[in-house]
Enquirer: 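Before I ask anything, here is the structure I am working with.
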Amino acid sequence: MTATRMAKVGAQESTAIRELRESLFGELVLPGDEHYDEARQIHNPSIDRRPEMIVRAADSIDVIRAIEFARSAGMQVAIRSGGHCLSGHSMIDDGMNIDLSRMKQVNIDQENRTAWVQPGATTADLVAAIEPYGLALTTGDTATVGIGGLTLGGGIGWMVRKYGLTIDSLLSVEMVTADGRLVTASKRENPDLFWALRGGGGNFGIVTGFEFQLQQVGQVFGGVLILPATREVLSGYASYAPNAPDELTTITMVMHLPPLPFVPEDHHGTLAFIIFVCYVGDPDAGQVAMTPLRKLAEPIAELIAPMPYSALYNFTEIGAVPHDSTIRSGYLRELSGDVIDMLLDHARQNPMPMGLIQIRALGGALKAVPNESTAFPHRDKKLLLALINIGTGEAVERWVIDLWERVGPSTEGAYVNFLDDEGEARIRDAYSPEHFARLAAIKRQYDPENVFRNNQNILPAE
Ligand SMILES: Cc1cc2nc3c(=O)[nH]c(=O)nc-3n(C[C@H](O)[C@H](O)[C@H](O)COP(=O)(O)OP(=O)(O)OC[C@H]3O[C@@H](n4cnc5c(N)ncnc54)[C@H](O)[C@@H]3O)c2cc1C
């Protein structure tokens, strides 16, 4: 608690705090408590914020108690599920952090192939619960990312071309409003809110449960194909991958090759084009779908085989280790020769060991859903480009910013889950003007005082 506040309201506030602590099923963590430093740590270790209090909620009732307390005490709130947001918004200085990371339950309805998932479940928690039934949900590329933030921003995952965004599998949501009400949103109940929660981020309330439709997937045909990073390879990939069979989703990186055991030694440290593959379907058909990619150049290495969906996360383990990073991103309608030259030139001329140029092919089932049916407005885009540098320091940041200055003007829009703390104009880029206006109107209805402002914030419409 800030010294000034403490001095002002001292004993009176202590009673209120004690009452809050006693009313919770979960835990109240205050500065000086044994778990305080651990509880204020999010995935990015350089975010060093000190909330006045952390409510580690155990259920929706705890969340209601927390928000009522915060509002009566005039405290700002920040909401944390998996703690992976790239902007650091899920931790706060001075206010209350409402931490949902212990709300991890996953309840499966096998007959209807649905799951009720609490927001603090990580992707790994969810996959571990549903995979034994042969069921899957399209989730992001890293096991530790929280279902809460991933879903509210859209969720561009390993099966995006087959099953769309994570929100395209969302059936209903349970949410605590700014005034402490527990509401349900679905296509039938509060449909406007349901629309907004599918892409509008954490602007409308605190989501305490998601109901998802799952898919019977079994094993996937997945792994990694490594090609030389050339203009022809990148151009060929960008032409083929967004139009490939919907079963094939790929996530690629232009980066310097780490010394992986299946990569020939003479390629260690060289610039390469790494294609992570998830084919949902018969492996023979998967081989056929991969043929045009294999033909782009003599592969440097390949490791693709039938595997459980969860095994894909072995390829992205590095992302699961807490790290600082800088990111800039935008969509591309095509990958022009000029943009490819800028990307390759920058990666070669200013090498950074963990400087990654990520390109994701979109299309498929993502595109099949009308743009206006959810708050995610970029379904017509073919590619998502992200420049990511893992690590700390000015040089790390510079590598991303310099390249972004060159290629950013060729991109369109923004993916809200890939935004850093980049300001209001970039938040608007994440939506079309029509989407943004509708989101602002729904924000006015559910959070007119902008209680939920520590996020990629949309102000309530005037
Ligand atoms: C290593 C890494 C890999 C990633 N890979 C992918 C990927 O493949 N695909 C993809 O789409 N994204 C990806 N992301 C981005 C990720 O989806 C977002 O950072 C997302 O916000 C993380 O969710 P979280 O719950 O872990 O984060 P948190 O930091 O807990 O939450 C992020 C924000 O979401 C809001 N929020 C979270 N939970 C709730 C809730 N229950 N109620 C209301 N608001 C809430 C809050 O505003 C919060 O500030 C990745 C991020 C990282 C760091």
Side-chain angles (χ1 to χ4, degrees), residues 41-45 47 49 57 60 63 67 77-92 97-101 103-104 117-126 138-160 165-167 173-178 196-197 199-210 249 251 276 278 312-313 315-327 329 354 356 358 360 362 366 376 378 384 386 388 390 415-421 427 446-447 451-458:
Q41 186 61 67
I42 57 173
H43 190 65
N44 180 341
I47 306 279
R49 299 195 180 138
S60 310
V63 173
I67 194 73
V77 295
I79 315 304
R80 173 224 182 109
S81 284
H84 277 56
C85 73
L86 298 153
S87 56
H89 282 127
S90 50
M91 194 44 67
I92 190 172
N97 180 246
I98 301 181
D99 178 354
L100 310 170
S101 63
M103 292 174 59
K104 283 174 173 291
V117 185
Q118 288 188 317
T122 63
T123 299
D125 296 328
L126 173 67
T138 179
T139 45
D141 67 5
T142 304
T144 45
V145 170
I147 293 299
L150 176 87
T151 307
L152 293 171
I156 301 179
W158 281 116
M159 300 189 287
V160 64
L165 299 166
T166 308
I167 49 170
V173 170
E174 179 192 83
M175 189 191 88
V176 174
T177 60
L197 289 171
N203 274 289
F204 308 95
I206 306 172
V207 173
T208 49
F210 298 94
T249 297
I251 302 174
F276 295 106
C278 175
L312 292 170
Y313 290 101
F315 295 101
T316 54
E317 265 177 347
I318 181 117
V321 178
H323 60 263
D324 193 358
S325 64
T326 305
I327 180 167
S329 66
M354 289 313 290
L356 322 172
Q358 186 185 80
R360 296 182 187 222
L362 305 175
L366 167 70
F376 182 94
H378 297 292
L384 174 60
I388 308 163
I390 295 177
Y415 173 35
V416 74
N417 271 355
F418 277 7
L419 282 179
D420 209 323
D421 201 356
I427 299 172
Y446 284 91
D447 184 18
V451 170
F452 304 109
R453 71 182 64 176
N454 288 293
N455 45 39
Q456 302 294 355
N457 196 225
I458 296 168

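In each ligand, atom 1 is the first atom listed, and ligand 1 is the first ligand listed. Note that these values count all heavy atoms, side chains included, but never hydrogens, waters or copies made by symmetry.
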Enquirer: With nothing but distance in play, are any N or O atoms of Tyr415 less than 3.5 Å from an N or O of ligand 1?
Expert: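 Indeed, backbone or side chain, Tyr415 has an N or O that close.
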Enquirer: Using a 4.0 Å cutoff against the non-hydrogen atoms of Gly140, which atoms of ligand 1 qualify?
Expert: 7 (C), 8 (O), 9 (N)
Enquirer: If you measure from atom 36 (N) of ligand 1 to every heavy atom of Leu152, Thr123, Val173, which option wins on shortest distance?
Expert: Leu152
Enquirer: What protein heavy atom sits nearest atom 41 (N) of ligand 1, and how far away is it?
Expert: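 That would be Val207 O, 2.9 Å.
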Enquirer: Out of Gly82, Gly88, Ala121, who gets a non-hydrogen atom closest to atom 25 (O) of ligand 1?
Expert: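 Closest candidate by heavy-atom distance is Gly82.
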Enquirer: Once you measure the plane-to-plane angle for His323 and His43, does it fall in the parallel (<30°), tilted (30-60°) or perpendicular (>60°) bin?
Expert: perpendicular
Enquirer: List the closest protein heavy-atom neighbour of atom 19 (O) of ligand 1: residue, atom name, distance to the nearest 0.1 Å.
Expert: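 Answer, as residue, atom name and distance: His84 O, 3.1 Å.
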Enquirer: Which bit of Leu100 is near ligand 1, meaning a heavy atom under 4.0 Å away: side chain, backbone, both or neither?
Expert: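 Leu100 to ligand 1: side-chain contact only, backbone stays beyond 4.0 Å.
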Enquirer: Below 3.5 angstrom, do we get any N/O pair linking Asn455 and ligand 1?
Expert: no
Enquirer: Against ligand 1, does Gly157 come closer than 4.0 Å with any heavy atom?
Expert: no
Enquirer: Which is closest to atom 12 (N) of ligand 1 in terms of heavy atoms, Phe204, Phe418, Phe452?
Expert: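 Nearest option to atom 12 (N) of ligand 1, by heavy atoms: Phe418.
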Enquirer: Return a yes/no value for Ser90: is any of its N or O atoms, backbone included, closer than 3.5 angstrom to an N or O of ligand 1?
Expert: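 Among all N and O atoms of Ser90, at least one is under 3.5 Å from an N or O of ligand 1.
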Enquirer: Could you tell me whether Gln118 approaches ligand 1 through its side chain, its backbone, both or neither, with non-hydrogen atoms closer than 4.0 Å?
Expert: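 It is neither; nothing of Gln118 touches ligand 1.
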